[in-house]
Amino acid sequence: MNRFWFVPLVVAVWEALTRLQDDLDFPPPSTIVARMHELWFSGPAARLFLTDAAMANLLPSLTRMFTGWTLAAAAGVLAGILIGRSRTALEYVAPLIQFGRSVPPPLLLPFFFVLLQGSLATQLAGIVFGVVWPVLLNSIDGARSVEVLQIETARVFGLSRAEQIVRVILPAAAPKVLAGLRLSLSLALIMMVISELFAGTDGIGYQLLQAQRSFDTPAVWAAIALLGLLGYLVNSLFVLVERRLLGWQRA
């Protein structure tokens, strides 16, 4: 917390430089914050000060982001654990995984749009495809790193394959799995914005695009600042959860 003094210092320097420059394309932070308040946080207290624009754009964006992330997390962890515990399966699918993770997810959005015939489905598919790879790879790595002695001990105690996964493999692989999930959160935020820019009818990305088209520069910077703030908050919350879940490891 003692290092947070650097943030207001940077903001103060930013404010001074932009006011001296007086460039409409680079408004000062005070103007950006005022625009953020006007757009999203000047609503009634009963709605936590959220405006109509916030209800129509922020909440749908967060819903799509967390829905896509949850689907990718579930699929990535399950497939990663199963593949990581089978050398034969890993040998077969490893080339496909390396090929899939090398494809830039934004390039597939037109394909998803034609295939799924819907903006919401396209956005979710784009988020899932962009997010699943770090979860899958970290889950595979975590499952492969489980010590043989742990598995043999579980077999001696008569644990079934499913019980071994739940009681032995998942806890042992948890640090790497959670690292993949944490990385995937930032990717989910990025893919959410890109998918809304491409096929959105609402959301932060869509609002950013409309602000750019109408030459509302403070609104553009407000959307960028909001995305950065959301990324920081989501990451901080996940770190708290991660520390709670891995408390046994530090002990």
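All residue numbers refer to positions in the sequence shown, counting from 1.
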J.: Is the shortest side-chain heavy-atom distance between Leu58 and Trp40 below 4.5 Å?
T.: yes

J.: Which residues pass the salt bridge (charged side-chain N to carboxylate O under 4.0 Å, His left out) test with Arg47, not counting sequence neighbours?
T.: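 For Arg47 the salt bridge (charged side-chain N to carboxylate O under 4.0 Å, His left out) partners, ignoring immediate neighbours, are Asp52.
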
J.: Should Ile32 and Phe26 be counted in the same cluster of Ile, Leu, Val, Met, Phe, Trp and Tyr side chains packed under 4.5 Å apart?
T.: yes

J.: What distance separates Ile127 CD1 from Ser195 OG, expressed to the nearest 0.5 Å?
T.: 4.5 Å

J.: Atom CG of Leu78 and atom CG of Leu136: how far apart are they, to the nearest 0.5 Å?
T.: 10.5 Å

J.: Sub-3.5 Å donor-acceptor pair from the side chain of Gln21 to the main-chain atoms of Thr18, do we have one?
T.: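 No, Gln21 side chain to Thr18 backbone: no donor-acceptor pair under 3.5 Å.
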
J.: Is Leu246 reachable from Leu181 through a run of hydrophobic residues whose side-chain heavy atoms are each under 4.5 Å from the next?
T.: yes

J.: Looking only at heavy atoms, which two atoms of Ser119 and Ala199 are closest? And how far apart?
T.: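 Of all heavy-atom pairs spanning Ser119 and Ala199, the closest is CB-O, 2.9 Å.
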
J.: If a pair satisfies side-chain hydrogen bond (donor to acceptor under 3.5 Å, both in side chains) and one of its residues is in residues 180-191, list it, with sequence neighbours excluded.
T.: Trp69-Ser184, Arg182-Asn235

J.: Return the CG to CG distance between Leu109 and Leu197, rounded to the nearest 0.5 Å.
T.: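 Rounded to the nearest 0.5 Å, the CG-CG separation comes out at 10.0 Å.
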
J.: Strictly by side-chain hydrogen bond (donor to acceptor under 3.5 Å, both in side chains), give each pair with a member in residues 129-143 just once, sequence neighbours left out.
T.: Asp141-Lys176

J.: Any side-chain hydrogen bond (donor to acceptor under 3.5 Å, both in side chains) involving residues 212-232? Give me the pairs, sequence neighbours left out, ordered by first then second residue.
T.: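 For residues 212-232: Arg35-Asp216.
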
J.: Can you check whether Val234 reaches Leu189 side chain to side chain, under 4.5 Å on heavy atoms?
T.: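 No; the side chains remain at least 4.5 Å from each other.
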
J.: Could you tell me which residues satisfy side-chain contact (heavy atoms from CB on, under 4.5 Å) with Leu230, sequence neighbours excluded, listed by chain and number?
T.: Leu62, Ile204, Leu226

J.: If only atom types and distance count, is the side chain of Thr31 paired as donor or acceptor with the main-chain N or O of Pro27 below 3.5 Å?
T.: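 Not confirmed, Thr31 side chain does not pair with Pro27 backbone.
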
J.: When rounded to the nearest 0.5 angstrom, what distance separates CG in Asn57 from OH in Tyr206?
T.: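 The OH atom of Tyr206 is 8.5 Å from CG of Asn57, to the nearest 0.5 Å.
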
J.: Keeping to residues at least two apart or across chains, list the salt bridge (Lys or Arg N to Asp or Glu O under 4.0 Å) pairs with something in residues 192-204.
T.: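 The answer is Arg64-Glu196, Arg64-Asp202.
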
J.: Hey, could you give me each pair passing side-chain hydrogen bond (donor to acceptor under 3.5 Å, both in side chains) that has a residue in residues 104-113? Not counting sequence neighbours.
T.: none

J.: Does any non-hydrogen side-chain atom of Met191 lie less than 4.5 Å from one of Met65?
T.: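 Sidechains of Met191 and Met65: no contact.
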
J.: Side-chain heavy atoms nearer than 4.5 Å, only ILVMFWY residues, links allowed to pass through others: does that put Leu159 and Leu149 together?
T.: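 Result: no, two separate clusters.
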
J.: Are any non-hydrogen side-chain atoms of Ile81 and Ile169 less than 4.5 angstrom apart?
T.: yes

J.: What heavy-atom pair brings Pro175 and Pro171 nearest, and what distance separates the two atoms?
T.: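 Minimum heavy-atom separation between Pro175 and Pro171: CD-O, 3.9 Å.
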
J.: Of all heavy-atom pairs between Gly80 and Ala143, which one has the smallest distance, and what is that distance?
T.: O-CB, 4.2 Å

J.: Kindly give the cluster partners of Leu124, where membership spreads through any ILVMFWY side chain lying under 4.5 Å from a current member.
T.: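 The other cluster members (ILVMFWY side chains, heavy atoms under 4.5 Å, direct or chained) are Leu120.
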
J.: Return the minimal non-hydrogen interatomic distance between Gly100 and Phe129, and the atom names on each side.
T.: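 What the structure gives for the nearest pair is O-CZ, 3.6 Å.
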
J.: Does any part of the side chain of Leu82, heavy atoms only, come nearer than 4.5 Å to the side chain of Ile165, both counted from C-beta?
T.: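 They are in contact (side-chain heavy atoms under 4.5 Å apart), so the answer is yes.
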
J.: Do Phe99 and Leu108 sit in the same hydrophobic cluster, where Ile, Leu, Val, Met, Phe, Trp and Tyr count as joined when their side-chain heavy atoms come under 4.5 Å apart?
T.: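 They do share one cluster, since a chain of ILVMFWY contacts under 4.5 Å joins Phe99 to Leu108.
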
J.: Would you compute the distance between atom CZ of Arg144 and atom CZ of Arg85 and round it to the nearest 0.5 angstrom?
T.: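 The distance works out to 10.0 Å.
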
J.: Looking at Leu9, I want to see if its CG is surrounded by more than 12 non-hydrogen atoms of other residues, nucleotides or ligands under 6.0 Å.
T.: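 Buried by this count: over 12 neighbours within 6.0 Å.
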
J.: Mind checking what makes side-chain contact (heavy atoms from CB on, under 4.5 Å) contact with Val241, not counting sequence neighbours?
T.: Leu245

J.: Verify the cluster assignment for Leu183 and Val132: are they in a single hydrophobic cluster under the rule of side-chain heavy atoms below 4.5 Å apart?
T.: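 No, Leu183 does not connect to Val132 through the hydrophobic network.
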
J.: Just wondering, more than 12 heavy atoms not from Gln117 lying within 6.0 Å of its CD?
T.: yes

J.: Which heavy atom of Trp14 sits nearest to which heavy atom of Pro29, and what is that distance?
T.: CD2-CG, 3.4 Å

J.: Can you check whether Leu39's main-chain N or O pairs, donor with acceptor, with Thr51's side chain at less than 3.5 Å?
T.: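 Checking the backbone N and O of Leu39 against the side chain of Thr51, a donor-acceptor pair under 3.5 Å is found.
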
J.: Do Leu185 and Phe66 have side-chain heavy atoms sitting under 4.5 Å apart?
T.: yes

J.: Could you give all pairs that pass the salt bridge (Lys or Arg N to Asp or Glu O under 4.0 Å) test and reach residues 67-78, with sequence neighbours left out?
T.: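 Salt bridge (Lys or Arg N to Asp or Glu O under 4.0 Å) check on residues 67-78 returns no pairs.
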
J.: Are side-chain heavy atoms of Arg243 and Leu178 found at a separation under 4.5 Å?
T.: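 No, every pair of side-chain atoms sits at 4.5 Å or beyond.
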
J.: List, by chain and then residue number, the residues other than Val128 in its hydrophobic cluster (Ile/Leu/Val/Met/Phe/Trp/Tyr, side-chain heavy atoms under 4.5 Å); write none if there are no others.
T.: Leu71

J.: Do Phe111 and Thr122 have side chains that get closer than 4.5 Å, going by heavy atoms?
T.: no

J.: Of all the heavy-atom pairs spanning Pro134 and Leu187, show the shortest one and how long it is.
T.: CG-CD1, 3.7 Å

J.: Between atom CD of Gln164 and atom OG1 of Thr153, what is the distance when rounded to the nearest 0.5 Å?
T.: 10.5 Å

J.: According to salt bridge (charged side-chain N to carboxylate O under 4.0 Å, His left out), who are the partners of Arg19, at least two apart in sequence or on a separate chain?
T.: Glu15

